[in-house]
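Only one structure is covered here, and it is reproduced in the block below.
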Amino acid sequence: MKSINPKIIYVLILLVVAIPLVRPFGLPMMVMKPTRDFYAVVDKIQPGDTVMMSWDYAAGSDVELGPIANSLLIHLARKDAKIVAVSSIPDGPMFAEASLKVLEGLGKVYGEDFVNLGFFAGGESGIAAWAENFKSVFRADWRKTPVEQIPVLKGIEKAQDFALIVSMNTGPGGYGVPDAWVRQIHVAEKVPLALAVTAIMGPQTQPYLQSGQIQGLLIGLRSAAEYEKLLENPGIATAQMDAQSAAHAVILALIVIGNVTYLLDRKNKNKGASA
Amino acid sequence: MLKRTLPLALTVFVGFLIVFEYFVDIPALHSAGSAITGWMPLIQSFAVVTGTINLIAVHGHSVRTKRQGWYYSLVLFVFLAATVIVGLGQGTTVPAYRFLYDKILIPCSSTMAGMTAFFIASASYRAFRATNTDSALLLISAGLVMLGRVPIGEFVSVKMPDVAQWIMDIPSMAGQRVFLVCAGIGYISLCLRTIVGINRTHLSGNE
């Protein structure tokens, strides 16, 4: 049986992704337990607590993790938490800068309520180093201001000075992978850790949630949209879920068509062989 | 001596010190371990320099010998130079650096990542076949998770997200734990081999 030309499949995917982005269907969506649990962890943060957020992703994962970062920042700002942004990959600080603009929009002041410390080298070794002695790794922020002159960092000497550490992580790449954060932050320092990962990283990160080694886990765009729903602040992730729904439906339809043609071909071959 | 014995002796010394420092409560060991851990980000930062030198050597050779697609190497040199000049000269917070990032690097990287959706769709049609019972089971569970992770799944059945979550929480988790435990044992074994000097690939590329 003749197969579908790949170019037709490419055009089909382009259309089903583009149309819902321009005209969203507004499909209803329930909030799953892992997202509700993560929300509850952030909701326990007290005013004045300091939370570290690590932008451990590059451009390819921004579409999934960027909306999560924005939602977490809004939630933390509502809780009046102090936020310290870091990155274990060199691309991260630029994404942190973009996300932190959300805080400026909410009236938070750079240096007093939040700070971007930029990239720290060394991956897992880097995490271990600042977890024990924060200022041995971070001497100045992304804007070159010495850490001693930044009010939000007053009293921060080690990982245990943070009420919560969140890594938004793109996974393998030789830098601070999720496993490294679990080993150095939860196991070695006993500091509450939560992770936000891309959908492809979800299955291999989930065992850490079930074992209690991480306090919360957000997986991909779906979790981002669910978090926006919990915050009652629908954003880009909510809009993109319709596009993802349509793309998944088309891919499933293609798999069904592919298997039906495969089974029919096999049946015809068997018939031909027996005749 | 300087090429093999000294680096090997350093590996053994530092490796044992870091391991003992974690398990044995001796303040002197802690401060030594802490100092060495603090050096690591600094040492690893030099990888950026060696990586850049390697990149220049490989792509420089490509341009000199006019290998197929050599002009891509030239594009790399132009943007490498632009990023280094702007970054070192004016800093990473100036509009010119942001332009290189926001208008060139991010759109290019996002396009590369976005293109995988087209290839996944095409490949799933051509290759994702129920040829036997195992692949049929994989196909059905993947289909259920794909449906359950998007709102259209709830449109099909309100139970769909719970079914997807169950697949992720029970059968998928069991498999992942096997991978994690095996990888962990392998990691410990590799670390021990390196610390005691059996694995010497970091010294010369040969064991």
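Chain naming here is simple, since letters A, B, ... match the order of the sequence lines and numbering starts at 1 in each.
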* Looking at OG of A:S245 and CZ of B:F155, how far apart are the two atoms once the value is rounded to the nearest 0.5 Å? -> 10.5 Å
* **chain B contact via A:L221 - side chain, backbone, both or neither, heavy atoms under 4.5 Å** => neither
* **Any A:I4 side-chain heavy atom under 4.5 Å of B:Y125 side chain** => yes
* To do: Name the region of A:A249, side chain, backbone, both or neither, that has any atom closer than 4.5 Å to a heavy atom of chain B.
  => side chain
* **Contacting region of B:F46 [heavy-atom separation from chain A under 4.5 Å]** => neither
* Asked: Okay, side chain of B:E154, backbone of A:M30: is any donor-acceptor separation there less than 3.5 Å?
  -> yes
* Selection from B:D102, B:I120, B:T37, B:L42 maximising heavy-atom pairs under 4.5 Å formed with chain A -> B:T37
* Please examine the side chains of A:I251 and B:M146, heavy atoms only from C-beta on, and report whether any two atoms are closer than 4.5 Å. => yes
* Structure fact -> Residues B:A130 and A:Y262: closest non-hydrogen pair is O-CE2, 3.9 Å
* To do: Take atom NZ of B:K159 as the centre, draw a 6.0 Å sphere, and report whether it contains more than 12 heavy atoms from other residues, nucleotides or ligands.
  => no
* Asked: Roughly how far, to the nearest 0.5 Å, is NZ of A:K33 from CD of B:Q165?
  -> 9.5 Å
* Asked: Can you say whether A:A188 sits under 4.5 Å from chain B via the side chain, the backbone, both, or neither, judging by heavy atoms?
  -> both
* Taking A:R143 for its side chain and B:T93 for its backbone only, find out whether a donor-acceptor pair lies under 3.5 Å. => no
* Proximity breakdown for B:T116 and chain A, heavy-atom pairs closer than 4.5 Å -> neither
* Heavy-atom contact with chain B under 4.5 Å, split by part of A:I9 -> side chain
* To do: Check each atom of A:F95 against the heavy atoms of chain B and say whether the ones under 4.5 Å are side chain, backbone, both or neither.
  => side chain
* To do: Could you give me the CA-CA distance, side-chain angles and deciding distance for B:H30 and A:E132, then say whether side chain to side chain contact (heavy atoms under 4.5 Å, CB included) is met?
  => CA-CA 10 Å; B:H30 278 310; A:E132 276 194 24; over 6 Å; no
* Asked: With respect to chain A, which residue among B:R98, B:R126, B:M112 yields the maximal number of heavy-atom pairs within a distance under 4.5 Å?
  -> B:R98
* To do: Check whether B:L139 gets within reach of chain A through its side chain, its backbone, both or neither, counting any heavy atom under 4.5 Å.
  => side chain
* **Selection from B:T92, B:I43, B:L147 maximising heavy-atom pairs under 4.5 Å formed with chain A** => B:T92
* Find the distance between CD1 (B:I18) and OG (A:S125) and round it off to the nearest 0.5 Å. => 8.5 Å
* So what's closer than 4.5 Å to chain A heavy atoms on B:S172: side chain, backbone, both or neither? -> side chain
* **Contact class of B:F128 relative to chain A, heavy atoms under 4.5 angstrom** => both
* Asked: Do B:R149 and A:E226 meet the salt-bridge criterion of a basic N to acidic O distance under 4.0 Å?
  -> no
* **B:L180 versus chain A, the contacting section by heavy-atom distance below 4.5 Å** => side chain
* Asked: In terms of heavy-atom contacts, does CD1 of A:I200 have more than 12 from other residues, nucleotides or ligands at under 6.0 Å?
  -> no
* Please check if atom NZ in A:K190 has more than 12 non-hydrogen atoms from other residues, nucleotides or ligands closer than 6.0 Å. => yes
* To do: Mind ranking A:L14, A:V137, A:N133 by heavy-atom pairs under 4.5 Å with chain B and telling me who comes out on top?
  => A:L14
* Given that the side chain runs from C-beta out, which part of A:W142 has a heavy atom under 4.5 Å from chain B: side chain, backbone, both or neither? -> both
* **Proximity breakdown for A:L209 and chain B, heavy-atom pairs closer than 4.5 Å** => neither
* Part of A:F120 within contact of chain B (heavy atom distance under 4.5 Å) -> neither
* Asked: With only heavy atoms counted, which part of A:M94 is less than 4.5 Å from chain B, the side chain, the backbone, both or neither?
  -> both
* To do: Return yes when atom NZ of A:K135 has more than 12 non-hydrogen atoms of other residues, nucleotides or ligands closer than 6.0 Å, and no otherwise.
  => yes
* Asked: What residue in A:D62, A:I8, A:I219 has the most heavy-atom pairs under 4.5 Å with chain B?
  -> A:I219
* Asked: How close do A:Y10 and B:S122 get, heavy atom to heavy atom, and via which atoms?
  -> CE2-CB, 3.8 Å
* To do: Apply side chain to side chain contact (heavy atoms under 4.5 Å, CB included) to the pair B:M168 and A:Q206, showing each step before the final yes or no.
  => CA-CA 8 Å; B:M168 297 288 283; A:Q206 265 187 316; 3.5 Å; yes
* Just by modelled atom types, is the B:P151 backbone N or O under 3.5 Å from a matching donor or acceptor in the A:D242 side chain? -> no
* Interchain contact, A:P93 with chain B, by part (heavy-atom threshold 4.5 Å) -> neither
* Asked: Between B:A117, B:S109, B:A121, B:G184, which has the largest tally of heavy atom pairs under 4.5 Å with chain A?
  -> B:A121
* Rounded to the nearest 0.5 Å, what separation is found between the CZ atom of B:F118 and the NZ atom of A:K7? -> 14.5 Å
* In Å, rounded to the nearest 0.5 Å, how long is the span from CG of B:L105 to CG of A:D91? -> 6.0 Å
* Asked: In Å and rounded to the nearest 0.5 Å, what is the CZ to CD1 distance from A:F25 to B:I152?
  -> 7.5 Å
* Which pair of non-hydrogen atoms, one from B:G148 and one from A:R222, has the smallest distance, and what is that distance? -> O-NH1, 3.7 Å
* A:P203 portion near chain B, given a 4.5 angstrom heavy-atom threshold -> both
* To do: Could you tell me whether B:F20 atom CZ has more than 12 heavy atoms of other residues or ligands within 6.0 Å of it?
  => no
* Quick one: which of B:V158, B:T131, B:D162, B:V156 has the most heavy-atom pairs under 4.5 Å with chain A, could you say? => B:T131
* Most heavy-atom pairs under 4.5 angstrom with chain A, which of B:A142, B:P161, B:A113? -> B:P161
* Test item: A:M241 and B:V150 side chains (from C-beta on) under 4.5 Å apart, heavy atoms -> yes
